[in-house]
Every structure is written in structure tokens, then in C-alpha cells.
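Keep in mind that the numbers below use all heavy atoms, side chains included, and drop hydrogens, waters and symmetry copies. Letters A, B, ... are given to chains in the order of the sequence lines, protein chains preceding strands, and every chain is numbered from 1.
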Amino acid sequence: MTAPSITPSRAPAVRYLLRLADLCLIHAQRLGEWCGHAPILEEDIALTNLSLDLIGQARALYTHAGRLGAADTGGQPLDEDQLAFLREERDYLNPTLVELPHSADGSPRGERDFAVTTLRNALVATWLRLAWERLTESSDEEVAAIAAKAVKEARYHQQHSADWVLRLGDGTDESARRMQNAVEQLWRFVPELFEDDEVDAHAAASGLGPAASSLKEAFDAEIAELMAEAQLKAPAVGVFRSTGRRGVHSEHLGFILAEMQHLQRAYPGGAW
Amino acid sequence: MTAPSITPSRAPAVRYLLRLADLCLIHAQRLGEWCGHAPILEEDIALTNLSLDLIGQARALYTHAGRLGAADTGGQPLDEDQLAFLREERDYLNPTLVELPHSADGSPRGERDFAVTTLRNALVATWLRLAWERLTESSDEEVAAIAAKAVKEARYHQQHSADWVLRLGDGTDESARRMQNAVEQLWRFVPELFEDDEVDAHAAASGLGPAASSLKEAFDAEIAELMAEAQLKAPAVGVFRSTGRRGVHSEHLGFILAEMQHLQRAYPGGAW
Amino acid sequence: MHLEQRFEARIDDGGFIEAKDWMPEHYRKTLTRQISQHAHSEIVGMLPEGNWVTRAPTLKRKAILLAKIQDEGGHGLYLYAAAETLGTSRDQLLGALHSGKAKYSSIFNYPTLTWADVGVIGWLVDGAAIMNQVPLCRCSYAPYARAMVRICREESFHQRQGYDALLVMMQQGTPEQKAMVQDAVNRWWWPCLMMFGPPDAESVHSVQSMRWGIKRISNDDLRQKFVDATVQQAEVLGVTLPDPELKWNEQRGHWDFGTIDWDEFWRVVGGDGPCNRERLGMRVKAWNDGAWVREAALAHARKQATKQEAA
Amino acid sequence: MHLEQRFEARIDDGGFIEAKDWMPEHYRKTLTRQISQHAHSEIVGMLPEGNWVTRAPTLKRKAILLAKIQDEGGHGLYLYAAAETLGTSRDQLLGALHSGKAKYSSIFNYPTLTWADVGVIGWLVDGAAIMNQVPLCRCSYAPYARAMVRICREESFHQRQGYDALLVMMQQGTPEQKAMVQDAVNRWWWPCLMMFGPPDAESVHSVQSMRWGIKRISNDDLRQKFVDATVQQAEVLGVTLPDPELKWNEQRGHWDFGTIDWDEFWRVVGGDGPCNRERLGMRVKAWNDGAWVREAALAHARKQATKQEAA
């Protein structure tokens, strides 16, 4: 009857999968904010669909991470909902990029800007497609199976969002201005996607999955091509590195979690 | 170690006090969203001060309501934080007016509009000042004492917000347009402030405090005068009645509570 | 007269009218109104449910909710497409929605206040919608009838999912959850009965629509059918329907029920419900906020076309 | 030379300079920069704490937090007023902040990620600020010195409240709460040490400021004083300061501590910290969004003045 936070295993393999699962979940959560508010009906459907696919990916990863964690700690496996809803912020391992608000100026209560959403979708989908491709060859068969399904979804997500980046980047002056602004807002959170640490090293060594840094070259090439075609300019990259994948987030995640976790926290022992 | 919801006594006197306390708390909570974002520094300070006074009023009322509730149910008194943070939405009894977002179009994630905030402050402060004045004569000495302090604060709140209604109503074309828009947004939620039910009847009969309807005449006169001076037009009142004071709220309150309750819900048994 | 006679004969034979067939102007107008109203209801209906996407209590329920909302968007698409076959563009239809000229189902002017509301919308609102819509699968206008076949299939899926969500809470949940379900049922029951429209005696469009096979069962008959079907489901669920006059009438072979507050119905239809302003305001806002996106997409398409011509 | 000599003599005697007194241009500029930077820090500092107002865990803590933020706004007011006595208007000073020309304390470019951060800001950030500010109560420029007296009194109150909030969590809280406090201390400790500014050897403005009695104790001395005072407080609290090199040096009579990452300091001062964009963006947004309000207030005041003249 209690709903205090759970603490997942800190085994590198578990952390590796949680990073991926949390990326999918928090990205999906932000996309869910668009429900019913998109610029055209087709895009309302598409954004909901993206969100749905990402939730599906997160579920499979959480379930597997829960089992691996139990093997590590010797306890009962944590289920997908315990992992998704009952951790403290510090234990969420998504990159900061996906927790940022959709607003044009990065302000937490600002209006959603479809340009920011579109660019982030393209960045995340490109990264995920590359990651899933490599994960289809994971030494962990369950992960390979999850990736085999997810990579098809990610290909569609990438295509769909890249099409929008093109349309908006090379559309009107207004849309180009908004897209370039989105680039300025989001760019400093991209390097984190390629920062290795011991979790990555372990995954690479064990064959569980690619180190983050190993996705960089392909990502940079694909995004550079897209940006060029969309007539967008990449800003210089500063020294700042966001640290969401290490559990140190922006001020935005706390608000996302308060909303997302509310029912699980307020109705301990509930059945849904 | 658990933080499930508590259910307060349903005695009319308790409900009467909770209505008032919840009005203060939720109004303060909305005002807190302005912290650091006001149009001028003086107003940042003033809005924070308003919020602070309201929290103080809410605390005194909750504490007293908790004691009255215990006398009714025979249990331990619920403390101010249990009452403020651990009820379900259905058991919050503030009028809907105070839970509305600050946005110019009423949309939940829209930008804050100072005109909406200003008008609501004036409406609520006027109502509260009238209520506190009457409550200084409450048959419940504790309530009378709370009111004696609060009425002074409410007088200042009313004066301060009325000054702003004047400035903005009779300022520039833009400010007049925004203020009139705020009137259109908020007006339909005002009638609820004067809707009597059995809780009001009980309070009036027992001398605990005034029935809501008994504040209407004075309120209407004061607000009409203010609106006239500020060159604002009152729209016709429709048949719609909001029902927050009966615990049936707008879709906005759930989001306010998710945020407000988060720590109490996520750290059951915590000491703060 | 020849065309009109042929049209009437086809209707009388229970045949279908296709988009390219001749049809009386009034038939066209009536259908356009009805189909677009239905399409608007689907997209406005995304809002009260969308309100809970970020707060769904489990990942499974979040996925089900997202899939449902996606389906509703899809229904909107087919229906706008069906309406367009009658010669009015989607933009024109949306313009009528945004200006307040066109209606959408009034049920969506009620707020979704708890998670149980999401389940109750599936069970009762979609349940009532299905009652209304199943007969439309045999509507005389073929593009509409075809759209309805697909929509009804998905709607019954949604209804089962909504009912299942409530069943879990009622059978395995905490007392707080059970109270939440009962509270949601209390708030939605009467508005759902209003979904079938005014009593037959006051229903303006019914006679002609019946004649044309656009409407096949009367409002009151559908409402009775809904009540009869729902009473048992409520019993299994363990909730009380908030109507003290609800009782089995042996003679009629139906459940009697209390008097509907038609004043409330007309008030909400007329714009003075709890969420009318919010719902329409949100749709208008989404449309206005999205103008630059639609313009950019058009501009880009034009550029691409120019390039291809030049190549 | 007469004026300048009199000024220097007054400073040398430990006397105070008032706003109407003659002062060298460089003294005026230095003070304007320093006071306005301090004022900007107060109002930017409202943001990281304001981030927790809607989520404070109890009503008492919410009230304390609101009161603290209100005080900070008040400090901003006095300080802008003190700076204005030197001949630059508040709007000009804010213009410099918004354009990025003026600085504010770099500590506020770090995020407040948990409720414990609010306590730690009180304990460590306000603690460091007090160390910096107490000597300013004897600053040679009297309006600044007077403002600082009041500010320091309130700041020590804030520090005690922050420490008390942490003490409650550490002594009566759950293991999760204790971990939250330790995590916050880990994140804030080093940035707090940076609050005293670069090492004395690299401090640009120090010599002249010392000479003029604007600055009275060196950066490194203040930093050492802060470390010495804090180590014991941390022990009572039951948290570990995240510095393995921290140890008592009997010979010096002070605590030794590890090397500060000055690269990080300069990076964050230079604009590339975790929240620089957010903080400045928020201030600019509040200012721009509020333009219509300020214009209306002016317009109204003008109308009132005109009416009074006419009367």
C-alpha cells in the first residue's frame, strides 16, 4: 500500500537499457503534450503515433531491464510501471535533450513551437535509428529482438521528421526563422548523445550495444546532409555538456515527472 | 510510511472553512507561478507578498478545520499539510475561479497574461475582504481571530489590485483590450462565489460566517464602481455555474495538484 | 424530375448513392452537415482524452489511450474525406467549426476530471456513439456508410477497453479508486443519455432523414436500447447508475428511466456548458498557431514543383 | 586636485562618501558596476528558488520560501536605488543586464533540481554571500553600506532557515531525503567556492577596490573563512563535503581544500553554464512581456496628471 520510490540495480547493463528506455519514455511524454493541438490533423495522428511507438519500445526495454536488474540484485524483477513511474528524478537516465519544453525560447511555460518539436524529432529519430540498427546485433537476444522491431519504427520516424525539417527549413521566411531558432535552442544538448562513460564501455565490451560515441560519425553525416538540404546552419558547439544520461537533469524534468507520476504516487496500491 | 489520500470530515462547519482555506491556497499557488516573472520588480514583490499572506490565512484555517474535524469524527486532528497536500481533487472546495490559468485565452499551457491575474486578484480580494469583515463577528472565536488579522491583509490586497485594474483599464488601448478580454474570460466564474447551499445555510444559522449569497450585493456594488472607473464592461451572465465549491472542478485543478502535491506524495513519511 | 425519381427509387430499393451520382441539393446539404458534425466530434473528442495522456497511470494504459486518440484522428480523416466527396473542402468545414457555425457532439463540452473519466468515456460515450452509428453503416450514402463500417469496428474496441479499465479498478482497485469510478459514472450518465438527441417529438431533421435512409432508428428508440444494454454492464461493474427511477418494466420489456434535464441539454448545445469555450478555443488556437506550418508546407511543395518542372 | 585630495583623505580616514559628494569617475563606475551586479544577482536569484514555489513540500516551507524570495526582490530594490544615487537609472541598469553586458552572480546559472537544493542555497549560497557582503557594510560609499546592513541581516536569517530545512531532513527524514540532501551538497559545494571569485593573483579589480574601501577582504581570504566555517556545520548536519582533500591543517590553523576547477568557473561566467540561457532568457522575457503593463501604467499616470491640472 505504499508508493515510495524504487531504486533500480546500478549494474552497467541495466543502466544502459534504462538510458535508452528513459529516452523513449520522456520523448514520448513530451510528444503527448501535442495531442489534439497539432497544426494539421495528419500531424496530430503522426505525433500520437510516434509517441505510441516510443512507449512500446520503452515498455519492452523496461521489462527486460527489470529482469536483468533482478538477476543482479537477487530480488523480484521490477516491472515496467515501477521503473517508469516510481523512480526519483536522479534515477532517470534520459539525455537532457528529450526533456526540454517545446517552446521557442526554452521557457518552461511558453507556447509550444512546432519547429522545436520537429527538429528534436529528427535529431532523436536519427540517433535512435542508428542505435537500434546496432542493437539488432546485440549479444543479448532479447535486446536484439526489441531492436529488430524498433528499427523499422525508427526509420519511419526519421523519414517523417526529416521531411518536416525540409518543408519548414525550406518553406517560408517565417518557418526558416523558426527552424533556425530551434537549432540554436537545441544544439547545445546534442553532444551529450555521444558522451561515453563506463556504462558505454561495458556495453561495447560485452556486446550488449554500441558505445554512444560510436554513433557520432554516422549521425553527424546524416544530420549535416539534412541541415544543408533544409538550409539550416549548425552553430558552433561550446564546452557545455548536459548530463541527463548520468541522472543530473535540467529543471524541466521535475515538472514532467510530477505530472507523469501523479496517479501512481497518489493511489498507492492501485490497480489500473 | 504511506501517503494515500486523507478524507476530511464532511461536517458543514469543516466544509465551510475548507472552502475558504482552499480558495486562499489555490489562489496563492497560482500567484506563485509569477515568482520572478512580473512586469516590474515592485510587482514581483507585491505578488509574492499576496501569495504569502494567502498561505498564512490558509494555514490558520486548515489548522482550525482539522481540529473541528477531529471533534466531529473523533479521530486525531488532520494537520495543515495533510489537508493542503493529501486530499483528492474531489475534496478540494475552492471556487473554480481561482484555479483558472493566467493565460489570455484560458488555455492551460498558454502564456501568463498580467491582465487576467490583475482582474482576478481584484475580484478575489474584494470577495475575501467582504467575507473576512463578516467573519470577524464569527461565533467561533478562533475564526474571528483569524479574520481580524486577515481582513487587514485583504484590504491592502484589494486596494493594490484595484489600483492596477484602474491603471490597465484606463491606460493604453492595448491594456484596455487585454483587461476587457480578461473580463470576458473570468466573468462566467464569478456567480459561483455567491451560490448558497446547505453548507452556507449552516454557517449562517450557527453564526460561523456569512452565507455566500449575502456578500453579493456589496460585491456587485464595489466591482461595478471599479469597472466603471476602469472603463470596463461587464458581460451578460449566462446560466452556466461553475461548481468548484462543491468539489467538481475544471480540468485545470488536476495539474495544479499534481505539481503541488508531488513531494508529499513521492516521499511518504518524509520530514520537511 | 427524371433524376430525382431515379434517386428516390434507388433509396426506396435500399440501394446506395455514390459521390458521382445525382442527388437532391437538400440531401447533399443534410449529409454534409451530419458527416462534418461527426468529423468535428472526432477531433474535438481528442481533447478531453488528450487531457490525460501525460498522466495515464501505467504504460499500458498510456499506450491504449494514445492508440485510441490516434484512431479518433483517423476517424476524423475518413469523415472529412467522405464529406469532401459531397463538394465541401476540409478547410471550409473546419472554418465552419471554428466560427461556431458547425456543431460537434455536445458530450465533449464536459470535463474529464479523473482518470476514471477516461474509462467512462470509453464505456458510456463510445457505447452511446456506437448505438448511434451502427445504423449508419447502412446509410444510403455509400462513402459515409463505408467510413462508418470501419469506425464502428474501432469504436467497439474502444468501448471494450474503456470497460476493461473500469473493471480492473472496480475489481482489483482500492476503495479510493472505486469511489473515483462511481464519481465519474455519476457525472457522465445523464449527459450520455442526451447524446441521442432531443425526444422524437422535438427532433427537427428526423422525418426527412429517415425517409432518405440517413437515419434509421429514432432518438428515443436508440436511447432506450442504450439504457437497456448499459444497466446490466453497470451491474457487472459494480457501479450504481445515478437514477433512482431506473427500474425494469415487465410490460414494456424495457428499463424505465428518469426525466432528462433538457434545459441542460439545450444550454450546453447553445454554448453555455462547462467546457464549450475551452474546447472550441483550443481547436481555434491549434489552427491559428499552426498557420505558419501549413503555409510553409505549401510554399515548400510549390518550390519542389517548380524545381521538377525546371529539371 | 582639491576635490580629489579631499575624497582620498576621507577614504583614508575611514569616512563615508555620500551621493552628493564629489567622487572620481572611476570610483563611480566601479561602484555602479558592483552594486548593479549585486542587484541583478538578487533578481536573477529569484528564479532558481521560484522554480520550487509551486512544489514546496509543506505550507510552512512554502511560506518561508515566498518570504525569502520577497526579501530578495526587496534587496534588488534597495540596491538599484543605491546604484541610482550614482547617476544611472534602473532601466539603464536592466538594459545592461538584458543585453548581456552586465553580469550577475554565476552561481545562479546552476539548476535547482530537488527540494534539497533550496535548503542548500540557503545554507551555502547565502552563507557565501554573507561572507562576501558583511565587509561591504563598511564600504566607503554610504548608500551602499546602508543597504548592505539591512541585506546582511536578512541574509543570515535566510541562511539559518536553509540550514534548518536541511537539518530536519537529515535528522528526521527518510533515507531518500538524506540522499537528496547529500546529492544537493555534492552539486553545489564547488560552485559555492567559486562565488568568492578568482584567486587573488588573478583578481583584476581588487587592488583599487581595496584602496577605496569598496572591497575589504581578499577573495582567497573570504573563501578560506567560508570553508572553515562550513566544515563544522556540515558535520553537525551529517553530510560529506565532496572534497577528498579537505583536511585540517594544524600549522595554518585552517582547513586545506582541493583545487577549484577554474575552467568551469570561467566557462560559466562566460555564458556556457547549465542555465545561463534560461536565466537571462527568463529575465528578458519577463521584461518584454511586461512592456505593455509598464506603458499602461505610464499612460494612466499621465492621464491622471492631466486631469488634476485641469481640475
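How far CD1 of B:Ile40 is from CH2 of D:Trp287: 8.5 Å, rounded to the nearest 0.5 Å. To the nearest 0.5 angstrom, B:Leu166 atom CG is 5.5 Å from D:His300 atom NE2. Here the CE atom belonging to D:Met46 is positioned 6.5 Å from the CG atom belonging to B:Leu41, to the nearest 0.5 angstrom. Here CG of D:Asp289 is found 10.5 Å from NE2 of B:His37. Values are rounded to the nearest 0.5 Å. Atom OH of B:Tyr267 sits about 3.5 Å away from atom CE of D:Met180, to the nearest 0.5 Å. A distance of 6.5 Å separates CD1 in D:Ile69 from OG1 in B:Thr48, rounded to the nearest 0.5 Å.
Among all heavy-atom pairs drawn from B:Pro39 and D:Gly290, the shortest one is CB-CA, 3.6 Å. Between D:Gly50 and B:Cys35, the closest heavy-atom pair is CA-CB, 4.2 Å. Of all heavy-atom pairs between B:Pro268 and D:Thr174, the closest is O-CG2, 3.9 Å. What you find for B:Ala84 and D:Leu59 is that their closest heavy atoms are CB-CD1, 3.7 Å. Scanning all heavy atoms of the two residues, the minimum distance from B:Ile55 to D:Ala63 falls at CG2-CB, 4.1 Å. Between D:Leu66 and B:Ser51, the closest heavy-atom pair is CD1-OG, 3.5 Å.
Considering only heavy atoms from C-beta on, B:Trp34 stays 4.5 Å or farther from D:Val53 through its side chain. Contact annotation: the side chain of D:Lys60 approaches that of B:Arg59 to within less than 4.5 Å [non-hydrogen atoms, C-beta and beyond]. For the pair D:Val293/B:Arg167, no side-chain contact is recorded, criterion being any heavy-atom separation below 4.5 Å from C-beta on. Counting heavy atoms from C-beta outward, D:Trp292 and B:Leu168 have side chains that approach closer than 4.5 Å.
Panel note: side chain B:Gln29, backbone D:Thr54; a donor-acceptor pair is recorded below 3.5 Å.
The number of heavy atoms from other shown groups lying within 6.0 Å of CD (B:Glu184) is above 12. When the shell of 6.0 Å around CD of B:Glu229 is examined, it contains 12 or fewer heavy atoms from other residues, nucleotides or ligands. Atom OH of B:Tyr156 sits in a crowded spot, with more than 12 heavy atoms from other residues, nucleotides or ligands closer than 6.0 Å.
In this structure, no portion of D:Ala301 lies under 4.5 Å from any heavy atom of chain B. In this structure, chain D has heavy atoms under 4.5 Å from both the backbone and the side chain of B:Phe114. Neither the backbone nor the side chain of B:Gln261 comes within contact range of chain D, judged by heavy atoms closer than 4.5 Å. Within the 4.5 angstrom heavy-atom criterion, atoms from both the backbone and the side chain of B:Leu52 approach chain D. Contact annotation for D:Arg302: neither backbone nor side-chain heavy atoms come within less than 4.5 Å of a heavy atom of chain B. Looking at D:Lys285, the atoms closer than 4.5 Å to chain B (heavy atoms on both sides) all sit in the side chain, from C-beta outward. The parts of B:Ala115 that come within reach of chain D are both its backbone and its side chain, each placing non-hydrogen atoms under 4.5 angstrom from that chain. Residue contact with chain D, scored on non-hydrogen atoms closer than 4.5 Å, is absent for B:Arg112. For a residue to count as touching a neighbouring chain, one of its non-hydrogen atoms must lie under 4.5 Å from one of that chain's; by this rule D:Leu77 touches chain B with backbone and side chain alike. Of the atoms belonging to D:Arg294, it is side-chain heavy atoms, and not backbone ones, that fall under 4.5 Å from chain B.
The choice from D:Gln171, D:Gln172, D:Arg90 that makes the most heavy-atom pairs within less than 4.5 Å of chain B is D:Arg90. Each of D:Thr58, D:Val168, D:Leu65, D:Asn51 has some count of heavy-atom pairs under 4.5 Å with chain B, and the biggest count is that of D:Thr58. Interface summary for chain B: among D:Arg61, D:Lys303, D:Gln304, the most heavy-atom pairs under 4.5 angstrom belong to D:Lys303.
Judged by distance alone, the side chains of B:Thr172 and D:Glu295 never bring a donor and an acceptor atom under 3.5 Å apart.
The pair B:Glu80-D:Lys62 fails the salt-bridge criterion, with no side-chain N (NZ, NE, NH1 or NH2) lying under 4.0 Å from an Asp/Glu carboxylate O.
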